[in-house]
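Comments concern the structure below.
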Amino acid sequence: MKKTFLLLVLLLSACGFRPMFSGQDTDIYVKPISGINGIDLRNNLNAQFGGQRDSSAKYTLTVNLHSPVTQYKALEITGDATWQEIMLTADYVLSADGQEIARGTESASESYTFVRYLVAANASYNNAVQNTIKVLADKISSRTIAETYRYENVESDKK
């Protein structure tokens with residue numbers, strides 16, 4: 001097992017392999033996003049990027065978070081809903097040095113139990129929203145970091 005691992009390390013180091021996120025400075029300013037869910041999404045994105053930056057950062061990420069959409073997923077014989085799904089969608093634009101370098105749309109969803117008791121129903125809904133925001137932040141941050149990495153390599157090739 002040790003020999004295989006050592007061989008793998010030697011092969012990867014010889015080919016110039018370097019993890020995409022290693023040593024990558026994520027100097028990304030996330031503009032404020034409206035709404036309570038927007039605040040949570042911005043906080044999650046800043047956490048993914050290693051902390052909050054100010055507007056003088058090299059990259060600026062502008063996110064437009066759409067209102068949550070809920071759908072019934074399971075109904076009882078009586079017609080009462082027992083499961084719902086929450087879906088969040090966000091459009092984003094990444095810019096550097098005043099020019100747009102990436103644009104996209106990401107969506108995330110999660111199902112949750114819909115019960116008759118108000119407190120339990122609200123807690124179930126809020127947990128689903130928070131989990132969906134985390135997944136959405138993961139998707140946006142992964143794409144954004146990949147785009148900054150690509151942009152840095154294109155810029156360094158021009159020099």
Step-by-step side-chain contact (heavy atoms from CB on, under 4.5 Å) determination, Ile140 to Leu61: CA-CA 10 Å; Ile140 293 171; Leu61 181 64; 4.0 Å; yes
Donor-acceptor contact below 3.5 Å, side chain Arg103 vs main chain Ile101: no
Side chain proximity check, Pro68 to Val129, heavy atoms < 4.5 angstrom: no
Ser124 side chain to Ala120 backbone, donor-acceptor under 3.5 Å: no
Non-hydrogen atoms of Arg42 and Gln52 that approach each other most closely: NH2-NE2, 3.6 Å
Test item: Ile28 and Arg53 side chains (from C-beta on) under 4.5 Å apart, heavy atoms: no
same_hphob_cluster(Tyr151, Tyr29) at 4.5 Å side-chain heavy-atom cutoff: no
Contact summary for Ala90 and Leu136, nearest pair of heavy atoms: CB-CD2, 4.0 Å
Euclidean distance, Gln84 CD relative to Ser109 OG, rounded to 0.5 Å: 13.0 Å
Heavy-atom donor-acceptor pair, Thr148 side chain to Ile145 backbone, under 3.5 Å: yes
Ala57 to Asp27 - nearest heavy-atom pair and separation: CB-OD1, 3.2 Å
For the student: nearest non-hydrogen atoms of Ser141 and Gln48, plus distance: OG-OE1, 3.4 Å
Residue that, paired with Leu41, satisfies side-chain contact (heavy atoms from CB on, under 4.5 Å) out of Asn46, Thr132, Val63: Val63
Contact summary for Tyr92 and Arg143, nearest pair of heavy atoms: OH-CG, 2.9 Å
Expected output: side-chain Lys139 to main-chain Ser107 donor-acceptor under 3.5 Å: yes
side-chain contact (heavy atoms from CB on, under 4.5 Å) between Tyr59 and Thr144, worked out: CA-CA 10 Å; Tyr59 299 99; Thr144 302; over 6 Å; no
Straight-line distance of Ser111 OG to Met87 CE, nearest 0.5 Å: 10.0 Å
From CA spacing to verdict: side-chain contact (heavy atoms from CB on, under 4.5 Å), Thr70, Tyr125: CA-CA 10 Å; Thr70 57; Tyr125 173 81; 4.0 Å; yes
Residue pair Ser56 / Asp54: nearest heavy atoms and the distance that separates them: OG-OD1, 2.6 Å
Non-hydrogen side-chain atoms of Asp40 and Gln130 separated by less than 4.5 Å: yes
Audit row: Ile86, Tyr112, side-chain contact (heavy atoms from CB on, under 4.5 Å) steps and yes/no: CA-CA 8 Å; Ile86 177 99; Tyr112 64 96; 4.2 Å; yes
